[in-house]
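Notes follow once the structure below has been shown.
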Amino acid sequence: MSYQRCLSKEEQDFYETKNAAAEFYRLNRIPQEIERALNELFFHNPGDVHGYLANYFTNISAPPRISRLKGREVYDARGELSIEAEVFCIVCNKEKSMASAGLPGHCGPKKTSMDGKAKSQERADHVMTAVQWISAPLNNKLKGQNPCDQSDIDHILSNFFMERYVEERNICNMVKEESCPPSEPEVVLPSPIPTQNKDKKSVDKGKKSSAEKPLPPAEPPEPVLPGSWAIGSVSLAVAKTGAQLQGIPFYKHIAALKNRETPAQFHIPVPLVTLLSCGKTSPGKLNLFEEVILIPRAGQRVKQIIPMTLELQKEMMRITNTSTKTGATPTIHCDSGALAVSSERPEQPLDLITEACANLGLALGTDVHLALNCGAPELVDYSKGKYEVATGVLKSPDELVDMYRILISKYPAVRAIIDPFRREDAEQWEKLSSAIGDSCSLLADSTYKSKALPLVGVRGHILKHIHETTVSDLVSITSEHQGSVLMGTTCSESCSDDSLSDIAVGLGLDYVKLGGLSGAERMAKYNRLISIEEELDQQGNLVSKEKHSPPLFAEELQEQSTATERALSDTA
C-alpha cells in the first residue's frame with residue numbers, strides 16, 4: 001500500500017519556485033555559461049579571479065541601451081548661456097551617466113540691429129527650447145536605442161528636427177496670412193509712349209547708373225530654429241557614449257563611422273593658428289582682416305608648432321611695444337585668443353609678421369605661410385554699395401579685387417583668403433580666383449550657408465559643428481568633399497570640450513582651425529591634438545602629411561614645396 005504525504009502550502013510554493021528557477025536557468029543557458037566561465041577561469045588562472053569572472057559575464061551581457069537624456073543650461077567660455085546634453089544608459093542592469101556634450105551657441109549670423117538685451121533674450125529662448133526638446137520628445141524617441149548605432153540615432157534626430165521645422169514654418173505662414181489684409185486688385189497702367197527727345201540730364205543719369213553696377217542685395221539669412229542646438233548636442237553626446245562603451249578613443253570611433261572600420265593609420269591635421277586679430281573689435285581703423293592666421297609647414301609636430309608660434313607672438317609684442325609707428329600695445333583678443341594690434345592699413349599687420357619672422361630666422365613662405373580671414377560679409381555699407389575696409393575707407397567689389405591682387409603680389413607668403421567677399425558677389429569671387437588662384441586659395445565659411453550653391457573659384461570651406469548638424473552629417477560632408485572641408489572653432493566654445501580635435505583627426509581632415517594660443521577652450525583642443533599625436537606615434541600608426549594637396553595649397557605651390565624638400569634632403 002503506497003503512502004503519499006500531502007504537501008503543505010509552504011512546501012508546494014517552494015517546489016513550484018524550484019521548478020520555475022530550473023526552467024529559467026535552462027532557457028537562459030545559465031549552467032552552460034557558468035561551466036564555460038569556470039573552465040576558462042581555471043586554464044587562464046588570472047590574478048584577479050572575481051574580476052575575470054566579472055569581465056567574462058560583462059562581455060556576454062545585453063548591449064547597453066539609452067535609458068534617458070538630460071538637457072541643462074550651462075555657460076560657455078564667454079559667460080553666455082548655452083546647452084549641454086547628457087546621455088544615460090543601462091549597462092549591466094545599472095543606469096550610468098555615460099557622456100555629455102554641448103555645441104557652441106549661435107543664434108545665426110550677426111544682427112547689428114539687435115541690442116544686447118534682445119540678443120540675450122533670443123539666446124535664452126533658444127537654450128530653453130533646446131532643454132525642453134532634450135528632456136521630453138527626444139528623451140522619449142531615443143529611449144531604448146543602442147548608442148553605438150550612430151546612423152540610426154542621427155536619422156531619428158534629423159527627422160524630429162524636420163518635423164519641428166515644417167511645423168514652425170506653417171505657423172509663420174499662418175501668422176503672415178492673418179496679419180496681411182486682402183490686397184486690392186492691381187491696376188495696370190498703360191506704358192508711356194517712348195519719345196526720342198529725352199532730357200539730357202536723364203541721359204547722363206542713365207549712363208552713370210549703367211557704369212556703376214548696383215550691389216546685389218543680401219541673401220536672406222538661413223533661419224536658426226529655436227531648439228536646434230539640442231540636435232547637434234545630443235548627436236555628439238551619443239557619439240562620445242559609443243566610443244566609451246567600445247573602449248576606444250573618440251577619434252577612432254569617428255574614423256570607424258566614416259570608413260566602416262577603424263583605419264590602420266592616421267595623420268594629424270595641420271593646426272591653423274590665429275596670430276593677429278585686427279578687425280572691427282580691435283584697435284585701429286583696419287576692418288578688412290578679422291584674423292591673420294599662421295599655416296605651419298606640413299610635417300611639423302604640434303608640440304613644435306606651438307612654441308614656435310608663441311615665440312613669434314612674443315617677438316611681435318616686442319616690436320610693437322618699441323615701435324614709434326603704431327604706438328599701441330598688443331592685447332589678448334577675447335574671441336580669437338590672439339594678439340590685437342592697432343592697424344590703419346592692410347599692409348601693417350603683414351609687415352609686423354614679416355619683421356618678426358626675419359628676427360627669429362623663420363623663412364616666411366617656406367617655414368610658415370599665412371592666411372587672411374576677412375569676414376567681408378560684415379563690412380558692407382549697403383547705403384553706399386561698398387565695403388568699408390577701414391574706417392572711412394570704402395571699396396567697391398571690383399576695387400576690392402584689385403586690392404587683394406596687389407596685396408598677394410606683395411606678400412606671396414599669403415596662401416589662403418577666407419571670405420574675401422559676400423557670397424552674393426559671385427562675379428568678384430571668380431575674378432579674384434582668376435587673378436590669384438595659382439598661388440592663393442579662396443576659402444568660404446559655410447557655417448550659415450552649408451546648403452548654398454558652390455561659388456566659382458572656392459577651393460575649400462570652413463565648417464563649424466553647430467545647430468542641427470549631426471555627427472553623421474559631418475561624416476557625409478567630409479566624405480563627399482574630401483580634402484575641401486576644414487573644421488573650425490567658434491567664439492563661444494566650452495572650456496572643457498576638446499571633441500573638435502578628435503573629430504578632425506577621425507574624419508581625416510588636412511587642416512583644422514583652432515584659433516589663437518590663449519584661453520582654456522582653445523588650449524584644450526591643442527593639448528588634445530598633442531595627446532592624440534603622441535598616442536598614434538607610440539602605436540606606430542602615425543603618418544606624416546608632408547605632401548599636402550588643396551585646399552590651401554595650389555598645385556604649383558605643392559610642386560615647389562616638394563622640390564624644396566628634396567633639395568634640403570639631398571643637402572643633408
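- Using a 4.5 Å heavy-atom threshold, the side chains of Leu514 and Tyr526 count as touching.
- Ser499 and Asp497 are linked by a side-chain donor-acceptor pair at a separation below 3.5 angstrom, with hydrogens and angles left out of the test.
- Side chains of Pro420 and Leu400 form no contact here, defined as non-hydrogen atoms less than 4.5 Å apart.
- Residues Leu507 and Val475 meet the side-chain proximity criterion, which asks for heavy atoms closer than 4.5 Å.
- At a threshold of 4.5 Å between non-hydrogen side-chain atoms, the residues Thr470 and Ile231 count as touching.
- With respect to Ile436, the side-chain contact (heavy atoms from CB on, under 4.5 Å) criterion is satisfied by exactly one of Leu407, Val401, Leu442, Val414: Leu442.
- Inspection of the Ser82 and Asp76 side chains reveals no N or O donor paired with an N or O acceptor under 3.5 Å.
- Listed by chain and residue number, Arg318 satisfy the salt bridge (charged side-chain N to carboxylate O under 4.0 Å, His left out) test with Glu315 (two or more places apart in sequence, or in another chain).
- Taken from CZ in Arg459 to OG in Ser433, the straight-line distance is 6.5 Å, to the nearest 0.5 Å.
- At a threshold of 4.0 Å, the pair Lys303-Glu534 counts as salt-bridged, since one of the basic side-chain nitrogens sits closer than that to a carboxylate oxygen.
- Using a distance-only test at 3.5 Å, with no hydrogens or angles considered, a donor-acceptor pair links the side chain of Glu399 to the main chain of Ser396.
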Between Ser476 and Glu480, is a side chain to side chain donor-acceptor pair (under 3.5 Å) present by the stated rule, with each step listed? CA-CA 6 Å; Ser476 176; Glu480 293 174 4; 3.3 Å; yes
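- Between the side chain of Gln304 and the main chain of Met308, no donor-acceptor pair closer than 3.5 Å is present.
- Val471 is listed as a side-chain neighbour of Ile254, based on a closest heavy-atom distance under 4.5 Å.
- Within a 6.0 Å sphere centred on CD of Gln265, heavy atoms belonging to other residues, nucleotides or ligands number more than 12.
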Applying side chain to side chain contact (heavy atoms under 4.5 Å, CB included) to Val512 and Leu529, what does each step give before you reach the verdict? CA-CA 10 Å; Val512 60; Leu529 270 187; 4.2 Å; yes
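- No side-chain N or O of Glu290 forms a donor-acceptor pair with one of Ser277 less than 3.5 Å apart.
- Partners of Lys314 by salt bridge (charged side-chain N to carboxylate O under 4.0 Å, His left out), not counting sequence neighbours, listed by chain and number: Glu311.
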Stepwise salt bridge (charged side-chain N to carboxylate O under 4.0 Å, His left out) check, Lys431 with Asp398: CA-CA 9 Å; Lys431 285 182 179 179; Asp398 284 335; 3.0 Å; yes
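- Remark: Leu362 CG to Ile353 CD1 distance equals 11.5 Å, nearest 0.5 Å.
- To the nearest 0.5 angstrom, Leu276 atom CG is 10.5 Å from Ile293 atom CD1.
- Side-chain contact between Val380 and Leu215: present, with at least one pair of heavy atoms (C-beta onward) separated by less than 4.5 Å.
- Ser100 contributes no side-chain N or O that, together with a main-chain N or O of Ala85, makes up a donor-acceptor pair within less than 3.5 Å.
- For the residue pair Arg422 and Pro377, the shortest heavy atom distance occurs at CG-CA, 3.9 Å.
- Shown here for Cys374 and Ile417, the closest heavy-atom pair between the two residues is SG-CG2, 3.7 Å.
- In terms of modelled atom types and a separation under 3.5 Å, the side chain of Asp537 and the main chain of Glu533 share no donor-acceptor contact.
- Looking at Ile306 and Ile530, their side chains come closer than 4.5 Å, going by heavy atoms from C-beta outward.
- A pairwise comparison of heavy atoms in Pro349 and Phe289 identifies CG-CD1, 4.1 Å as the closest pair.
- Across all non-hydrogen atoms, the minimal contact from Arg345 to Leu286 is O-CD2, 3.7 Å.
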Run the side chain to side chain contact (heavy atoms under 4.5 Å, CB included) check on Leu350 and Leu370 step by step: do they pass? CA-CA 9 Å; Leu350 298 176; Leu370 301 175; 4.0 Å; yes
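- Pairs engaging residues 238-256 under the side chain to side chain donor-acceptor pair (under 3.5 Å) rule: Gln246-His253, Tyr251-Glu535, Lys252-Gln539 [sequence neighbours left out].
- Considering only residues two or more places apart in sequence or on other chains, Asp502 meets the salt bridge (charged side-chain N to carboxylate O under 4.0 Å, His left out) condition with Arg528.
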Dump the intermediate steps for side chain to side chain contact (heavy atoms under 4.5 Å, CB included) on Leu352 and Ile319, then the final yes or no. CA-CA 8 Å; Leu352 175 61; Ile319 293 171; 3.7 Å; yes
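- With sequence neighbours excluded, the residues that form a ring pair (Phe, Tyr, Trp, His ring centres under 6.0 Å) with Tyr404 are Phe421.
- Ion pair Arg423/Asp445 not flagged as a salt bridge, since none of the NZ, NE, NH1 or NH2 atoms sits closer than 4.0 Å to an Asp/Glu carboxylate oxygen.
- Remark: Glu73 engages no residue in a salt bridge (charged side-chain N to carboxylate O under 4.0 Å, His left out) (not counting sequence neighbours).
- With hydrogens and angles left out, the side-chain atoms of Tyr411 and Asp351 include a donor and acceptor closer than 3.5 Å.
- What you find for Val238 and Pro147 is that their closest heavy atoms are CG1-O, 3.5 Å.
- Side-chain atoms of Asp473 do not come within 3.5 Å of backbone N or O of Thr469 as any donor-acceptor pair.
- Looking only at distances, a side-chain donor or acceptor of Arg415 sits under 3.5 Å from a matching main-chain atom of Pro412.
- Panel note: side chain Ser343, backbone Cys278; no donor-acceptor pair is recorded below 3.5 Å.
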Between Thr274 and Asn373, does the side chain to side chain contact (heavy atoms under 4.5 Å, CB included) criterion hold? Intermediate values first, please. CA-CA 9 Å; Thr274 303; Asn373 184 7; over 6 Å; no
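- Side-chain contact, Gln313 with Thr309: no donor N or O sits under 3.5 Å from an acceptor N or O.
- The main-chain N or O of Leu103 is found under 3.5 Å from a side-chain atom of Ser233 such that the two form a donor-acceptor pair.
- In this structure, Arg123 contributes its side chain and Glu80 its backbone to no donor-acceptor pair below 3.5 Å.
- Under a 3.5 Å cut-off, the side chain of Lys525 and the backbone N or O of Glu521 do form a donor-acceptor pair.
- Side-chain contact check for Trp229 versus Val127: some heavy-atom pair is nearer than 4.5 Å.
- The shortest heavy-atom contact between Ala416 and Cys440 is N-SG, 3.5 Å.
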